[in-house]
Amino acid sequence: MIRAERLLEELHAAGRSLLTGVPCSLLGGLLEACRAVPGARHVPATNEGDAVAVACGAWLGGRDAVAYLQNSGLGNAVNPLTSLAGTFRVPVLLLVTWRGDPEGPADEPQHARMGAITPALLEAMGIPWAVLPEDEAELGPALAAAAEHLDGAGTPYALLVRRGTIGGAPSTTPGTPADPALVAAADGAARVGEPVEPDAALRRVAAATERDAVLATTGFTGRALYALADRPNQLYMAGSMGCVSSLALGLALARPERRVVALDGDGAFLMRMGAVAAVGHARPANLVHVLLDNGVHDSTGAQATVAASVDPAGVARACGYRRVVCAADGDELEAVLREAREGPTFVHVRTLPRAERRLPRPAVAPDAVARRLRAWLASD
């Protein structure tokens, strides 16, 4: 195992002091160390493709950068890796966590396919790769080999990060946004009330949605909903971060007689914010989009998102949602859910980052959850 601080020091020594990307729990210690190591600059990205573009822009400005991502999000980065970094010959160093590594420990089902094809996908894009070594003595030579390609070919190079390679634990204390002045302006316009405890918010949702199809976003939201009560009308997203509102849109259009409730998170919402425009354009009356906004990527270690400088309700309003509500508390959240019918409806509620982090994972497989929901919809 290599220390996160040592990895940052080696990256800095190689002139790569800017890190940008989307968190993965395998990188939790590294991202926490960014807050403590002098000279480290961390730029949160809303999706993996954006991270590659940020790194390319930094290089254009004379600063080498590292784009980090989970391999499950590698697909989001294919276009900028090939048409931007590849076409313009920009030497971006990639740190890609290897979830679902066929030679590693068992992982979640959504990582199996991508884990098996990650090396081949990189090779198909013409990106050479190596496994980040677990021995600190081998770290310097590994980065030197990466630099030889980056400096020589002028194209991306990937280091695959296996579980347990980078030491250090992720923080459970939310990170702080980069621009407090901007946050204050956005807060004054968009947010009301005190943050709700996350399970309290989910209990309110469950109480008001017994007859609705409920789709929960990736991460702690789905796992916490499952822990509260596993019901056949619920689906827990696995992977596909940011896609829950699009999944809900398709279901709502297919079953207009049935109300569909999408439980989103701020990191996922930001990752595919264009989906909000598609919902507003289609305007399904039976869709309720609930944003549980705690300001962090909770399941990967509470790293801050950029949600504090965004007005999500304003985004939904501008995109054509018929009704937009900033719920002040759990009572208002439940009340809106009980009576919302002429949608699409957008409900923004602030929640606290989770204190209890030992959450069960659904014992039922994702495909079984999907078929159970399909059967439930067909039975009534």
Side-chain angles (χ1 to χ4, degrees), residues 2 7 11 16 19-27 30 45 47-56 59 65-135 138-139 141-166 218 237-243 271-272 300 365-367 370:
I2 59 177
L7 176 56
L11 289 171
R16 306 181 194 284
L19 274 71
T20 179
V22 178
C24 173
S25 56
L26 272 59
L27 297 174
L30 179 67
N47 69 53
E48 296 83 1
D50 289 349
V52 171
V54 168
C56 288
W59 178 83
V66 178
Y68 63 85
L69 59 147
Q70 186 181 105
N71 61 336
S72 64
L74 191 56
N76 287 339
V78 167
N79 179 265
L81 282 171
T82 55
S83 63
L84 177 58
T87 300
F88 291 90
R89 296 179 61 82
V90 180
V92 176
L93 178 61
L94 306 171
L95 282 181
V96 183
T97 60
W98 198 351
R99 302 297 299 269
D101 173 5
E103 298 181 8
D107 211 329
E108 297 306 306
Q110 68 267 24
H111 298 303
R113 185 68 57 83
M114 183 56 86
I117 68 171
T118 291
L121 181 55
L122 290 168
E123 290 161 9
M125 290 189 286
I127 299 176
W129 61 276
V131 175
L132 185 70
E134 297 184 12
D135 187 341
E138 300 175 14
L139 184 56
L143 292 179
E148 182 177 0
H149 170 84
L150 293 164
D151 297 339
T155 55
Y157 184 96
L159 288 170
L160 297 184
V161 183
R162 286 183 160 133
R163 182 179 295 278
T165 297
I166 301 175
T218 307
M237 289 285 282
S240 308
M241 184 175 171
C243 292
M271 179 170 279
R272 297 188 181 272
T300 60
D367 61 330

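Numbering starts at 1 and runs along the sequence shown. Both backbone and side-chain heavy atoms feed into the values below; hydrogens, waters and symmetry mates do not. Since the structure is predicted, the reported quantities are computational estimates derived from the model, not experimental observations.
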| request: Could you check Thr300, Leu30, Thr97 and say which one makes a side chain to side chain contact (heavy atoms under 4.5 Å, CB included) with Pro23? | output: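 Among Thr300, Leu30, Thr97, the one that satisfies the side chain to side chain contact (heavy atoms under 4.5 Å, CB included) with Pro23 is Thr300.
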Can you find a pair of side-chain heavy atoms, one from [X] and one from [Y], that are under 4.5 Å apart?
X: Asp101; Y: Arg163; answer: no
X: Thr165; Y: Val131; answer: no
X: Leu19; Y: Tyr68; answer: yes
X: Ser25; Y: Arg99; answer: yes
X: Pro366; Y: Gln110; answer: no
X: Arg272; Y: Asn76; answer: yes
X: Cys56; Y: Val92; answer: yes

For a quick test of reading the model, state the closest non-hydrogen atom pair linking [X] to [Y] and the distance between them.
X: Trp98; Y: Arg162; answer: CZ3-NH2, 3.5 Å
X: Tyr157; Y: Ala130; answer: OH-CB, 3.4 Å
X: Asn71; Y: Met114; answer: O-CG, 3.2 Å
X: His111; Y: Gln70; answer: CE1-OE1, 3.0 Å
X: Thr20; Y: Ala51; answer: CG2-O, 3.4 Å
X: Leu84; Y: Ala53; answer: CD2-CA, 3.9 Å

Roughly how far, to the nearest 0.5 Å, is [atom2] of [Y] from [atom1] of [X]?
X: Leu94; Y: Leu160; atom1: CG; atom2: CG; value: 9.5 Å
X: Leu69; Y: Asp50; atom1: CG; atom2: CG; value: 12.0 Å
X: Leu26; Y: Leu95; atom1: CG; atom2: CG; value: 11.5 Å
X: Leu81; Y: Thr87; atom1: CG; atom2: OG1; value: 11.0 Å
X: Ile2; Y: Ile166; atom1: CD1; atom2: CD1; value: 5.0 Å
X: Arg16; Y: Leu150; atom1: CZ; atom2: CG; value: 5.0 Å

| field | Backbone of Ala153 reached by a side-chain donor or acceptor of Arg89 within 3.5 Å | value | yes
| field | Over 12 foreign heavy atoms within 6.0 Å of CD, Glu108 | value |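 Yes.
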